[in-house]
Amino acid sequence: MIARLTQDERRNALIILGLVALMGAVLGLAGRDDLLGWHGLLIVIFAAGLALPILGALDAPEPTEDRENAYYDDPTRLGILLSMGWAVFGLFMGVWVAALLAWPELTFVDSPWASFGRLRPAHTTGVIFGFGGNALIATSFHVLQRTSRARLSGQLLPWFVLLGYNLFCLLAVTGYFMGITQSKEYAEPEWYADLWLVVVWVAYFLIYVLTLARRKEPHIYVANWYYMAFILVVAVLHIINNLAVPVSFGQVKAYSAFSGVQDAMTQWWYGHNAVAFFLTAGFLGMMYYYLPKRAERPIFSYRMSIVSFWGITFMYLWAGSHHLHYTALPHWVQTLGMTFSVMLLVPSWASAGNALLTLNGAWRKVRDDATLRFMMIAAVFYGLSTFEGSFMAIRAVNSLSHYTDWTIGHVHAGALGWVAMITFGSIYYLVPVMWGRERMYSSALVEVHFWLALLGTLVYVFAMWNSGVIQGLMWRTYDESGSLSYSFVDSLVAMHPYYIARALGGLMFLMGALVGCFNIYMTIRGASASVAQGDRPADPNADRSLVAGE
Amino acid sequence: MALTEKDPITGRETTGHEWNGIKELNTPIPRVVFLFLGLTFAFSLLWWALMPAWPLGASYTRGLLGADHRQDVSRALGAAQLDRQAWTQEMESLPYAEIEARPDLMRVVSESGRRLFGDNCAACHGAEGRGGPGFPDLSAKLWLWGGELETIEETLRVGINSTHEETRYGQMLAFGRDGMLSRPEIASVISFLRAHAQNVGEPDPRDAQGAEAGAEIFAEQCVSCHGEDARGLKTAGAPDLTDGYWLYGGDRASLTQTLVNGRQGHMPHWEDRLSLAERRILTLYVLGLKPPEGGPDDS
Ligand code: HEM
Ligand code: HEM
């Protein structure tokens with residue numbers, strides 16, 4: 001990878017890493033009496049760890065090939081591997097917290113880092129940001145170049161985004177284990193990590209805009225609309241929700257700019273749109289490229305793509321308040337959240353329908369090819385979880401589902417069934433392409449992964465639906481005297497078998513991911529990091545019409 | 001511009017754009033999409049008309065139904081209270097003897113009591129009230145402060161070593177840590193206690209030493225709280241040390257802990273958190289707790 005950088009670029013990389021290390025050192029010194037000191041140290045180590053191989057290769061020969069005449073795929077390759085690594089970590093954490101809910105003594109060590117409250121955000125951050133985020137960055141770089149027929153903008157910028165983003169994830173997760181959190185779900189990291197993510201994200205946005213500006217295609221493909229929406233809206237959400245004033249520059253603690261019900265509303269406006277633009281829009285971008293590509297079918301309807309894109313982007317932004325039904329939030333805000341969530345169903349289903357109808361004429365492939373089946377099932381679960389979401393957003397329904405495992409079931413129908421499945425499908429398509437192989441090492445193992453993932457998801461989701469509805473009903477059952485019939489502990493006892501089932505379902509899902517890692521490892525072992533002959537950008541100097549027949 | 005072509009499978013035209021092999025069909029949007037868009041939008045319009053919905057500067061549209069979820073809650077709570085008044089009033093005002101004679105009220109005690117106990121007390125006293133180390137077994141009915149209905153009701157109201165102004169206050173002194181007794185003296189008094197108590201676990205060779213000296217120390221240091229015969233004093237909340245029920249344990253190690261570092265259990269007060277009716281239900285419920293078959297569990 002370093003061999004593909006010029007010596008000037010290697011020097012620039014060192015300068016950037018030097019600045020990062022300096023920043024870490026300043027943080028570490030300012031925060032030497034605080035947990036912040038450890039994070040300063042971590043940043044220095046991270047930067048030094050990257051600088052060493054570059055230092056070693058500073059005078060190595062420069063690249064000889066014409067780089068502008070090839071796509072820039074090294075960041076995508078590393079991104080895929082990082083994504084799978086985080087998947088294993090995040091899913092393992094998921095299985096651990098699931099097991100803790102069934103057998104609370106399974107902390108193994110009696111120390112604060114292993115407590116449920118710290119492991120749980122390590123799970124959510126590990127899967128959403130580690131696994132999902134890396135997959136989004138990796139695939140977005142790939143899709144952007146192929147659909148623009150242009151090389152990524154910048155030689156160092158893509159590395160900065162990918163590695164900088166992973167530094168953020170590391171700061172987040174190590175922070176939880178030490179007890180650093182601002183207690184906003186999905187936005188737990190404190191101010192310094194948040195600021196760093198802003199820098200990384202602006203660079204990400206720049207890559208996108210600059211590369212699109214150089215595109216050799218007259219139109220911007222749908223997948224890119226979604227990726228752009230994802231990048232842009234996540235930037236806005238992240239900045240606003242994390243507005244906070246640190247106690248001092250030497251301490252991790254910061255106080256939010258919001259308080260009370262405004263804080264809650266800002267948080268769930270963020271939280272819901274994190275679901276919408278991180279877990280939905282980004283992955284729709286993925287789906288719009290890899291599904292038609294693998295199925296070798298045209299998108300069913302361009303017009304439906306447009307309607308659902310604008311429907312989703314517009315309506316999601318209003319729906320956040322459905323997370324705060326029956327709270328101190330004014331009634332009118334809840335009404336708006338509920339009605340927009342109901343309307344949101346239509347563009348969501350239009351997307352899912354567009355994907356499934358694209359498969360018309362390719363159903364035989366779906367049957368034979370587990371990679372495509374991953375994507376098909378993802379679209380089905382996308383449809384299912386959005387229907388469920390719109391239903392749960394209705395206040396009367398939410399009064400039953402809120403605070404129960406039904407929410408957890410909904411989350412994982414989306415997370416396992418949609419997010420993880422579309423990612424695995426895309427990665428199975430992408431790995432052979434990126435490493436110049438004809439196919440994955442073993443299609444039987446892809447098949448095994450598919451069934452483990454599907455079975456795990458179904459077990460998880462059905463267990464939580466059952467458990468959630470039982471819980472919700474037990475909490476609202478009164479006896480003739482007008483008193484509640486069940487104590488909270490009674491409901492916990494009733495949950496126990498479902499918690500065990502969920503842990504088993506999760507274990508299957510994790511095993512599937514491990515099978516996937518092995519398969520990917522065997523595929524890329526000994527492969528050269530190169531793509532097929534014809535897979536290159538349009539000649540930057542040539543007129544478009546000349547390359548059209550390629 | 002690029003040329004459109006016909007897709008052989010669906011018979012639709014493509015849009016003529018192509019990205020790395022991906023094409024799009026120009027299929028019109030199916031009617032059902034518009035139908036459902038229309039339906040959900042109509043539903044929303046209707047809902048906005050009926051319910052509080054859109055902000056108007058400092059105010060908002062109230063909706064034709066005049067709904068307000070804060071009022072809904074207070075109304076529902078009021079109704080529930082009214083509904084329960086039939087028996088809550090009696091539960092609060094009737095003497096215990098009369099409640100115990102009323103099957104309808106006693107049914108509320110056993111049903112509501114179980115739920116109230118599960119939600120408020122089980123975390124410390126266990127689901128069946130059988131306790132654990134440091135948390136008394138309520139079914140054993142060996143009380144620190146007394147087992148009369150009124151006494152228990154008062155214990156629940158003010159708690160033990162709690163933050164309530166009138167809390168019951170009881171403390172087993174840290175004789176060792178605070179230097180009131182030396183280690184050998186503590187060992188002797190423990191031998192004395194173990195010689196006179198039951199359920200002291202495995203016999204220990206040290207039990208043979210110092211029991212007589214221990215008796216003297218006991219008479220000097222302990223009787224003010226635990227009583228001349230070591231059978232406890234309810235006024236001090238000091239337990240009977242001979243009954244064979246140990247809150248913290250009767251083996252030498254636990255007893256040494258107790259005497260060296262002292263003990264002070266914390267039982268929260270419930271006056272602010274449970275209504276009088278609920279506390280009285282719990283009082284009756286606690287007194288009705290059954291010990292396990294074959295006497296109190298002493299392990
Ligand atoms: C091996 C598979 C997995 C298992 C066993 C698992 C397990 C769990 C458990 C036990 C919880 C806590 C539930 C609670 O507090 O009651 C949780 C929460 C969560 N998980 Fe997973 N998980 C898995 C995979 C995933 C994946 C792949 C994603 C996302 C892509 C994900 C996203 C989340 C989210 C967002 C929450 C928080 C939900 C909420 O607060 O409402 N999980 N998971
Ligand atoms: C039309 C689309 C959707 C709607 C209207 C919707 C609606 C909802 C509702 C009403 C809740 C429960 C809020 C509560 O009672 O606390 C919820 C929770 C959640 N949904 Fe969805 N949902 C949709 C799609 C999705 C998708 C595709 C995912 C993907 C993973 C997802 C992930 C989540 C998560 C992570 C939570 C838990 C948030 C938390 O409490 O931590 N949702 N959603």
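In what follows, every chain begins at residue 1, and chains take the letters A, B, ... in the order their sequences are listed.
- Of the atoms belonging to D7(B), it is side-chain heavy atoms, and not backbone ones, that fall under 4.5 Å from chain A.
- Of all the listed residues (V489(A), D490(A), T358(A), L336(A)), the one sharing the greatest number of non-hydrogen pairs under 4.5 Å with chain B is L336(A).
- Among the residues in residues 304-312 of chain A, those with a non-hydrogen atom closer than 4.5 angstrom to a non-hydrogen atom of chain B are M304(A), V307(A).
- Two rings, from W332(A) and W47(B), have their centers 6.0 Å or more apart.
- In this structure, no portion of A80(B) lies under 4.5 Å from any heavy atom of chain A.
- Every side-chain hydrogen bond (donor to acceptor under 3.5 Å, both in side chains) that S491(A) has, sequence neighbours left out, goes to W475(A).
- Contacts of V108(B) with chain A are made by side-chain atoms alone, with heavy-atom separations under 4.5 Å and no backbone atom involved.
- N354(A) and Y288(A) form a side-chain donor-acceptor contact under 3.5 Å, judged by distance and modelled atom types alone.
- Taking D83(B), L37(B), N20(B), D68(B) one by one and counting their heavy-atom pairs under 4.5 Å with chain A, the maximum is reached by N20(B).
- Both the backbone and the side chain of F36(B) come within less than 4.5 Å of a heavy atom in chain A.
- Most heavy-atom pairs under 4.5 Å with chain A, from the set D119(B), V32(B), L39(B), T88(B): that is D119(B).
- A salt bridge does not link K290(B) with E128(B): none of the charged nitrogens is closer than 4.0 Å to a carboxylate oxygen.
- Side-chain contact check for Y290(A) and H142(A): at least one donor-acceptor pair (N or O, by modelled atom type) lies under 3.5 Å.
- For chain A, no part of P8(B) is nearby; none of its heavy atoms comes within less than 4.5 Å.
- The pair R102(B)-E90(B) counts as a salt bridge, with a side-chain nitrogen and a carboxylate oxygen less than 4.0 angstrom apart.
- In this structure, chain A has a heavy atom under 4.5 Å from the side chain of F43(B), while its backbone stays farther away.
- Judged by distance alone, the side chains of W48(B) and T335(A) never bring a donor and an acceptor atom under 3.5 Å apart.
- Heavy atoms closer than 4.5 Å to chain A are found in the side chain of R107(B), but not in its backbone.
- Both the backbone and the side chain of A67(B) have a heavy atom closer than 4.5 Å to some heavy atom of chain A.
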What pairs of donor and acceptor atoms, side-chain ones from residues 72-79 of chain B against any protein atom, are under 3.5 angstrom apart with sequence neighbours left out?
residue : atom : partner : partner atom : Å
S74(B)  : OG   : R70(B)  : O            : 3.0
S74(B)  : OG   : Q71(B)  : O            : 3.4

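- The most heavy-atom pairs under 4.5 Å with chain B, out of M338(A), R303(A), K293(A), Q334(A), come from R303(A).
- Looking at S341(A), there are no atoms closer than 4.5 Å to chain B (heavy atoms on both sides), in backbone or side chain.
- S390(A) does not touch chain B: none of its heavy atoms, backbone or side chain, sits under 4.5 Å away.
- Heavy-atom pairs under 4.5 Å with chain B peak, among M343(A), E480(A), R146(A), at M343(A).
- In this structure, chain B has a heavy atom under 4.5 Å from the backbone of L329(A), while its side chain stays farther away.
- In terms of heavy-atom pairs under 4.5 Å with chain A, the best-connected choice from P55(B), A86(B), G21(B) is P55(B).
- The pair E153(B)-R280(B) meets the salt-bridge criterion, since a charged nitrogen lies less than 4.0 angstrom from a carboxylate oxygen.
- No side-chain N or O of T339(A) forms a donor-acceptor pair with one of S44(B) less than 3.5 Å apart.
- Using a 4.5 Å cut-off between heavy atoms, L492(A) makes no contact with chain B at all.
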CA sep, side-chain torsions, deciding dist, call: R115(B), D479(A), salt bridge (charged side-chain N to carboxylate O under 4.0 Å, His left out): CA-CA 11 Å; R115(B) 208 271 303 162; D479(A) 59 24; over 6 Å; no

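- Contacts with chain A were tallied for R84(B), E111(B), M51(B); R84(B) has the most, counting heavy-atom pairs under 4.5 Å.
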Test log, rule side chain to side chain contact (heavy atoms under 4.5 Å, CB included), inputs K23(B) and H17(B): CA-CA 6 Å; K23(B) 296 175 188 163; H17(B) 313 152; over 6 Å; no

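- When the candidates T61(B), L45(B), T27(B), T14(B) are compared by the number of heavy-atom contacts under 4.5 Å with chain A, T27(B) comes out ahead.
- Counting only N and O atoms by type, the side chains of E271(B) and H164(B) include a donor and acceptor under 3.5 Å apart.
- Classified by interplanar angle (parallel below 30°, tilted 30° to 60°, perpendicular above 60°), the ring pair F314(A)/F340(A) is perpendicular.
- When each of Y289(A), W349(A), Y478(A), Y326(A) is checked for heavy-atom pairs under 4.5 Å with chain B, Y289(A) comes out on top.
- At a cut-off of 3.5 Å, with distance as the only test, no side-chain donor of Q145(A) or R151(A) sits close to an acceptor on the other residue.
- Residues meeting the ring-ring contact (aromatic ring centres under 6.0 Å, His included) test with F41(B), sequence neighbours left out: none.
- The aromatic rings of W225(A) and Y302(A) sit perpendicular, their planes meeting at an angle over 60°, well past the 30° parallel limit.
- There is no contact between E296(A) and chain B, counting heavy-atom distances below 4.5 Å.
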